Number of protein chains: 2
Amino acid sequence: MATIYDVAKRAGVSPKTVSRVLNGDAPVSQKTREAVSAAMTALGYVPSHAARSMKSHRSGLIGLITGAISNADEVAAPAGLPELFIVQGVQHVIESSRKTLLISDTGGRLDRVPALVRTFQEHRVEGILYVSDFHKPLDVSLDCQGIRKVLVNCFDDAGTPAVIPDDEGGQYALTKSVVAAGHKRIAYLTLAPGMEATRLRMKGFCKALAEAGISHDPALVMATDLYGSPGEHQLIWDTLDKFFTLDEPPTAICCGNDRLAMAVYGILRKRGIAVPEQVSVVGYDDHRLISETLYPALTTAELPYSAMGARAARLLLDLLADPLAREPDAPILVSGQVRQRSSLVAPNLDQNNVISLKGRTEI
Amino acid sequence: MATIYDVAKRAGVSPKTVSRVLNGDAPVSQKTREAVSAAMTALGYVPSHAARSMKSHRSGLIGLITGAISNADEVAAPAGLPELFIVQGVQHVIESSRKTLLISDTGGRLDRVPALVRTFQEHRVEGILYVSDFHKPLDVSLDCQGIRKVLVNCFDDAGTPAVIPDDEGGQYALTKSVVAAGHKRIAYLTLAPGMEATRLRMKGFCKALAEAGISHDPALVMATDLYGSPGEHQLIWDTLDKFFTLDEPPTAICCGNDRLAMAVYGILRKRGIAVPEQVSVVGYDDHRLISETLYPALTTAELPYSAMGARAARLLLDLLADPLAREPDAPILVSGQVRQRSSLVAPNLDQNNVISLKGRTEI
DNA sequence: ATTTCTTATGACACCGATGTCATGACACCG
DNA sequence: CGGTGTCATGACATCGGTGTCATAAGAAAT
């Protein structure tokens with residue numbers, strides 16, 4: 001590989017002059033510049049990042065730690081959407097800032113994080129982004145030896161800058177849409193209890209109902225997310241069974257994520273209940289592969305992963321640009337849109353103001 | 001950041017001795033080793049990758065170019081499965097070889113590839129993997145200036161080493177399973193014409209039928225993949241309509257990918273046709289988010305992206321380890337499994353040996 | 001005791017850039 | 001015509017490691 005000395009010799013100038021042509025940081029005569037450029041082209045010269053960063057003490061690298069890649073075959077992890085979208089958002093921002101993103105994967109094993117951090121340190125990354133697979137408290141000790149870091153999709157109680165989804169607001173807005181469509185009996189198939197998203201979204205769900213003057217009926221709320229477990233379909237089946245043997249069955253079903261909604265579609269139809277004619281269904285995540293392809297297309301709330309990644313990357317770059325910049329003192333919430341599609345319509349009620357399940361046929 | 005000189009001074013030895021402790025490449029007395037280790041710990045010393053690679057001329061970096069990350073919101077690109085799974089397979093192999101993977105994303109713009117290659121060159125990557133979003137001829141000029149490269153999910157006619165999926169074999173095996181279940185009238189909703197996968201899988205499909213003595217009926221083959229187009233559902237609807245008004249309707253439907261199968265499920269049920277009781281459905285890709293969650297679970301052929309990534313990474317490492325290693329002279333085919341799930345059962349025929357569509361109710 | 005051979009360690013140069021400082025060549029000024 | 005300033009360029013040191021070679025300190029052999 002050609003070096004700056006080779007170029008200098010060929011162009012008949014000093015290495016320093018070649019450096020000046022490269023960086024344009026000092027005047028170089030037109031003639032010299034052309035000679036140097038010609039030599040660079042002829043030799044296929046590309047400057048060495050290692051040599052540069054050694055002298056400048058600036059690597060231009062940003063490290064990102066994720067489990068997205070190795071987790072990808074459990075693509076529907078608890079919260080539903082692969083955190084890869086976060087990486088996408090990060091990538092866009094970092095790349096347009098002329099820095100290079102170094103992505104490392106935990107391979108699903110948190111005990112490997114220290115080794116990844118060490119690799120980042122060897123490369124003298126200027127900042128680190130830690131991306132969690134779903135919204136939760138940080139579950140790994142992340143000692144970065146003074147390197148600036150930003151958490152994405154997780155948070156700690158040490159005040160580390162963090163960017164998280166606005167789960168409460170998202171479910172609130174989505175539920176309001178369901179209410180606005182005229183529904184009063186709204187069931188909710190939640191994600192696993194104990195998850196941050198479950199708690200926050202329930203809060204948003206209840207808030208929207210309360211504002212609409214609809215009393216909260218515990219019989220309409222069930223946790224059903226069991227990804228990977230063979231019993232999941234049975235559980236959803238039984239849960240729906242309970243709902244539809246109530247005196248006043250639900251006219252709309254909120255699902256903890258789009259994947260659950262996909263399962264619900266299948267089971268409802270198996271039981272001869274038409275979506276959306278007899279029951280409306282909404283999801284969460286806006287996992288477009290699902291929400292756009294399901295028939296009918298799914299109304300859902302966007303989990304703004306890409307925007308979160310972009311926000312986190314921008315935050316990190318800002319912190320790096322100004323060493324005195326104050327870190328935000330609370331996690332930054334990023335909100336998503338409600339995506340209206342055809343699975344949500346006005347309820348179809350009979351004269352008793354109860355869902356009309358006539359014409360139902362088990363197929 | 002502490003340097004090897006700081007450590008040396010603190011331990012009262014020369015930098016070279018510290019280097020020896022770090023690399024263990026020459027004998028160091030027990031006492032010295034301990035003093036040096038203590039100093040390293042006290043100073044939080046981490047060696048500089050830049051300085052090391054400069055001297056050794058070995059960066060330990062492998063570059064990977066993909067559109068997977070920025071493409072992620074078009075997660076169901078033509079061939080169906082996000083090529084991210086390829087990256088996952090690569091990551092596993094590279095990481096266990098003590099090298100570091102540098103991932104760059106095209107942002108969907110092929111004209112940015114040269115810039116990415118240049119960045120890789122600056123970092124002196126030892127090899128480059130180019131990952132295509134679906135199986136096709138290489139569609140970008142990839143001038144790596146002598147850096148070893150391996151193509152994944154694509155191929156060129158210049159003999160560049162490549163790893164691609166065995167589309168023909170996959171569809172052949174899958175179709176054989178459908179035949180083995182007893183089906184003789186098998187419809188095929190193909191991917192877009194012109195795609196490598198479409199051509200090869202059709203070949204496998206026909207081969208399996210021919211071996212079973214089933215004549216190929218063109219009326220049962222239609223291209224329906226229109227991802228992102230609002231007319232897709234209508235097209236599938238109309239296509240299914242044609243199938244089921246034939247004198248001998250199909251008893252099984254092969255779909256070009258799992259996403260199409262998901263759409264077909266919805267439409268069939270809307271039309272009161274039960275899966276799998278009246279019609280069996282199979283997909284392609286084994287996109288587990290879909291195939292495991294659909295109700296009933298989907299029989300499908302695995303598109304072995306992860307294995308392809310691993311294979312390509314291993315090939316690249318082998319080529320790097322032995323500069324004289326001969327490149328394979330044809331693309332390496334990687335085969336996937338057939339995943340048997342509940343959407344495929346024996347056909348339900350009436351006394352005329354025709355599919356029984358009794359009990360059908362439009363819901 | 002002297003020579004020989006390990007073993008442990010250090011001095012020094014070098015990898016490929018760039019920052020600092022010096023200098024040569026001109027143009028412009030009075 | 002000499003003095004001053006600007007422009008273009010080069011010499012040299014340096015960043016943080018490691019390869020090469022030299023050498024001091026013991027251990028083993030004579």
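The structure displayed is predicted, hence computed values, not measured ones. Every heavy atom of this structure was used, including side-chain atoms; hydrogens, water molecules and symmetry mates were not.
Across all strands shown, C:dC28 forms a Watson-Crick or G-U wobble pair with D:dG3, both key distances being under 3.5 Å. For C:dT23, the paired base is D:dA8 (Watson-Crick or G-U wobble, both distances below 3.5 Å).
When heavy atoms are screened at a 4.0 angstrom cut-off, B:V13 is found touching the sugar-phosphate backbone but no base atom. Within the 4.0 angstrom heavy-atom criterion, no nucleotide atom of any strand lies near A:S53.
Listed pair A:R52 / C:dG16 fails the phosphate criterion, with no side-chain N or O lying under 4.0 Å from OP1 or OP2. Residue B:S14 places at least one side-chain N or O closer than 4.0 Å to OP1 or OP2 of C:dG10.
In this structure, B:D6 places its CG atom 10 Å from C1' of D:dG16, rounding to the nearest Å. As rounded to whole Å, 17 Å separates atom C1' of D:dG17 from atom CD of A:Q121. To the nearest angstrom, P of C:dA17 lies 12 Å from NE2 of A:H49. One can place NZ of B:K31 at 14 Å from P of D:dA25, the figure rounded to the nearest angstrom. If you take CG of A:D25 and P of D:dC7, they are 15 Å apart, rounded to a whole angstrom. Atom-to-atom, NZ of A:K16 to C1' of C:dT18 comes out at 5 Å; the value is rounded to the nearest Å. In this structure, A:R58 atom CZ and C:dG19 atom P are separated by 11 Å, rounded to whole Å. Rounded to a whole Å, the CD atom of B:E122 is 10 Å from the P atom of C:dT18.
Counting all heavy atoms, side chain and backbone alike, B:S53 lies closest to A:A50 at OG-CB, 3.5 Å. Closest of all the heavy-atom pairs between A:A325 and A:D318 is CB-O, 4.2 Å. Taking all atoms of both residues into account, the shortest heavy-atom contact from A:L138 to A:C154 is CD1-SG, 4.0 Å.
Under the 3.5 Å distance criterion, the side-chain polar atoms of A:S96 are matched with a main-chain donor or acceptor of A:H92. Side chain of B:D322 to main chain of B:L324: a donor-acceptor pair is present (N/O by atom type, distance under 3.5 Å, no hydrogens or angles).
Between C:dA8, D:dT9, D:dG10, one nucleotide has an atom nearer to the side chain of A:S29 than all others, and that is D:dT9. Among the nucleotides C:dG19, D:dG17, C:dT9, the one closest to the side chain of A:R124 is D:dG17. Nearest nucleotide to the A:V28 side chain, out of D:dG17, D:dT9, C:dT7: D:dT9. When the nucleotides D:dG17, C:dA17, D:dG10 are ranked by their closest atom to the side chain of A:Y5, C:dA17 comes out on top. Comparing D:dC7, C:dA11, C:dT9 against the side chain of B:T17 picks out C:dT9 as the nearest. Ranking C:dA11, C:dA17, D:dG17 by closeness to the B:A51 side chain, first place goes to D:dG17. Listed nucleotides: D:dG17, C:dC15, C:dT18. Nearest to the side chain of B:H57: C:dC15.
In the interface, the side chain of A:K55 is not paired with the base of C:dG19 through any donor and acceptor atom under 3.5 Å apart. If you check distances only, the side chain of B:R20 does reach the base of C:dG10 with a donor-acceptor pair under 3.5 Å.
Taking for each of B:T32 and A:Y45 the nucleotide of DNA chain C with the nearest heavy atom, the 5'-most of the two is the partner of B:T32. Nearest-nucleotide positions on DNA chain C for B:R33 and B:M54 put B:R33 closer to the 5' end.
A salt bridge links B:K99 to B:E126: one of the charged nitrogens lies within less than 4.0 Å of a carboxylate oxygen.
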